[in-house]
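Lettering of chains follows the sequences in order, A, B, ..., and the numbering in each one begins at 1.
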Number of protein chains: 2
Amino acid sequence: MSSSSATEVAGQTGSAAQRERRRRILDATIALATEGGFDAVQMRTVADDAEVALGTLYRYFPSKIHLLVSALGREFEEAEQRTATRAIPGETPHDRVMFLLSRTTRMLQKQPKLTEAMVRAFMFADASVAGEIHEVGMRLTTMISRAITGSPEHGEATEEEAAIIRVIADVWLSALVGWVTGRSEATDVEKQIDVAVRLLLR
Amino acid sequence: MSSSSATEVAGQTGSAAQRERRRRILDATIALATEGGFDAVQMRTVADDAEVALGTLYRYFPSKIHLLVSALGREFEEAEQRTATRAIPGETPHDRVMFLLSRTTRMLQKQPKLTEAMVRAFMFADASVAGEIHEVGMRLTTMISRAITGSPEHGEATEEEAAIIRVIADVWLSALVGWVTGRSEATDVEKQIDVAVRLLLR
DNA sequence: CTCCTGAATAGAACGTGTTTCAATACTAGA
DNA sequence: TCTAGTATTGAAACACGTTCTATTCAGGAG
């Protein structure tokens with residue numbers, strides 16, 4: 001339990017050179033994943049591309065799974081900040097949630113290999129990745145919550161709302177896994193969320 | 001596309017000696033997974049324990065993931081047959097679905113290592129495992145459908161019902177993944193399903 | 001400026017999933 | 001019974017995640 005607490009989450013720690021190395025590693029990871037997916041993210045290659053030694057890579061990210069989930073965290077960070085600055089369009093909670101998740105889904109589907117790499121890492125992660133996983137989960141929860149209330153504020157949700165948000169997130173992730181692993185079509189993801197949201201937000 | 005169609009799914013093919021080998025392999029897999037989880041299922045060890053050569057193991061199951069998902073399929077087969085012979089107790093669809101999923105969850109939680117191995121393989125599986133995955137999905141769908149209607153028959157579900165079943169299955173799997181990967185407590189799984197079922201079946 | 005210590009490096013080495021291949025055993029049909 | 005074709009075996013080799021070791025580097029304390 002030394003560093004990565006929830007407050008200094010996305011690696012805003014260490015010297016400038018260290019933050020720079022971390023950035024280069026995540027850049028290389030995302031580039032490789034975008035090109036060739038999970039299998040193409042090979043630790044030796046990441047280290048080479050980021051111009052750090054293999055041992056250094058492992059000092060920053062203790063496993064390939066940590067690395068990819070952290071990359072997912074960085075991507076979600078941008079998406080979440082977008083929902084914080086501008087209100088999500090739509091008349092009803094249903095409309096707004098669908099707007100948000102459809103937009104995010106389409107964004108992910110534009111880079112299928114990258115999404116495959118990150119989603120598979122996310123689903124494969126074990127307890128040792130709890131911190132990174134939790135960060136991603138919180139961001140997703142925050143975004144859906146904002147979509148439901150329609151405001152960029154992120155106040156406390158009622159217990160009922162929290163439960164609904166969780167179910168929506170679960171369905172979205174499952175649908176994404178289905179698409180990523182080639183078990184369903186791209187358009188199915190949106191359909192499945194629409195059904196779930198319709199059933200839940202009525 | 002030679003063998004494994006939906007009709008001859010669970011390996012009811014080949015000579016008696018071959019069916020016997022297949023059974024020994026799955027037995028060894030489940031024994032190892034029960035003892036030590038995903039990591040303990042090592043292909044060399046499985047082959048040794050099942051008394052087949054490593055090459056033979058790979059002839060029967062083209063990867064560790066195929067192997068573990070097939071093991072999950074065999075376990076689900078028994079569970080599904082139980083729902084086919086006896087009616088699921090409970091007054092309402094909600095009660096019956098909860099009875100079914102609670103019972104199944106508790107059964108899985110009694111063997112945490114085995115469940116961890118199978119669930120992680122299931123979530124990690126890519127398109128090449130589509131057949132095995134589909135089999136498991138169908139069994140789960142069938143069981144939930146029987147619980148909703150309250151009859152061991154497995155008639156066609158309406159589109160609405162099918163969508164609801166899918167959402168319930170997604171939530172159940174997500175909750176299970178959360179538990180397996182140490183992100184949530186055993187009792188959370190039931191709670192999450194209860195919320196989802198309550199929201200969906202009203 | 002020198003020394004000390006933690007960080008970074010290069011590279012070898014290890015473990016396990018997967019592939020390959022030559023030799024042997026088995027089985028179904030003539 | 002013989003034979004052709006197929007399945008199984010045993011063993012080595014390969015690929016990639018991960019660990020380990022020896023060495024060098026950087027930057028703050030004195």
Side-chain angles (χ1 to χ4, degrees), chain A residues 2-4 11 13-26 28-29 32-33 35-71 117-118 120-121 124-126 128-129 132, chain B residues 2-4 11 13-26 28-29 32-33 35-71 117-118 120-126 128-129 132:
Chain A
S2 58
S3 61
S4 67
T13 184
S15 71
Q18 284 170 329
R19 262 178 284 124
E20 174 64 15
R21 272 191 203 94
R22 188 188 153 93
R23 190 193 56 70
R24 285 207 311 273
I25 291 172
L26 288 176
T29 301
L32 286 165
E35 189 66 28
F38 188 88
D39 290 340
V41 179
Q42 302 190 356
M43 299 304 269
R44 290 174 178 82
T45 313
V46 172
D48 281 358
D49 290 3
E51 295 180 283
V52 298
L54 188 55
T56 305
L57 171 54
Y58 273 94
R59 170 181 284 272
Y60 280 70
F61 300 96
S63 79
K64 174 170 173 172
I65 300 295
H66 284 82
L67 176 59
L68 281 167
V69 176
S70 299
M118 297 190 305
R120 289 181 76 196
F124 197 65
D126 68 2
S128 73
V129 203
E132 288 83 348
Chain B
S2 57
S3 60
S4 69
T13 183
S15 71
Q18 284 171 328
R19 262 177 285 125
E20 175 65 12
R21 273 192 202 93
R22 189 188 154 94
R23 188 191 58 69
R24 285 206 312 272
I25 290 171
L26 288 176
T29 301
L32 286 165
E35 190 67 30
F38 188 87
D39 290 341
V41 179
Q42 302 189 356
M43 300 304 271
R44 290 172 178 81
T45 313
V46 171
D48 281 357
D49 290 4
E51 295 180 283
V52 299
L54 189 54
T56 305
L57 171 53
Y58 273 93
R59 168 180 285 270
Y60 281 71
F61 300 96
S63 79
K64 176 170 172 172
I65 300 294
H66 283 82
L67 176 59
L68 280 167
V69 175
S70 298
M118 296 190 305
R120 290 182 75 196
F122 187 86
M123 300 311 305
F124 197 65
D126 68 2
S128 74
V129 202
E132 288 83 349

Boundaries of the chain A footprint along DNA chain C (any atom under 4.0 Å from a heavy atom):
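First-to-last contact on DNA chain C, by the 4.0 Å heavy-atom rule, is C/dA7 to C/dA13.
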
d(CD, B/E51; P, D/dG10) in whole Å:
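B/E51 atom CD is separated from D/dG10 atom P by 10 Å.
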
Assess A/K64 against A/F38: is NZ or CZ under 6.0 Å from the centre of the six-membered ring, and within 45 degrees of the ring's axis?
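Satisfied, under 6.0 Å and within 45°.
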
With rounding to the nearest 0.5 Å, note down the distance linking [atom1] in [X] to [atom2] in [Y].
X     : Y      : atom1 : atom2 : value
A/D39 : A/R120 : CG    : CZ    : 6.5 Å
B/E51 : B/T56  : CD    : OG1   : 12.5 Å
B/R21 : B/I25  : CZ    : CD1   : 8.5 Å

Which heavy atom of [X] sits nearest to which heavy atom of [Y], and what is that distance?
X     : Y      : answer
A/S70 : A/E132 : OG-CG, 3.6 Å
A/L68 : A/A117 : CD1-O, 3.9 Å
A/D49 : A/A28  : CB-CB, 3.8 Å
B/A71 : B/T29  : CB-CG2, 4.4 Å

Return the residues of residues 54-68 of chain A meeting this criterion: a heavy atom under 4.0 Å from some atom of DNA chain C. Order them by number, or give none.
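Here the set is A/T56, A/R59, A/Y60.
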
Below 4.0 angstrom, which residues in residues 35-48 of chain B have at least one non-hydrogen atom near DNA chain C?
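Contacts with DNA chain C under 4.0 Å: B/V41, B/Q42, B/M43, B/R44.
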
Side-chain heavy atoms of A/V129 within contact of A/F124, under 4.5 Å
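Counting from C-beta outward, A/V129 and A/F124 never come under 4.5 Å.
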
Do other residues, nucleotides or ligands put more than 12 heavy atoms under 6.0 Å from the CD atom of A/E20?
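More than 12 heavy atoms, drawn from other residues, nucleotides or ligands, come within 6.0 Å of this atom.
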
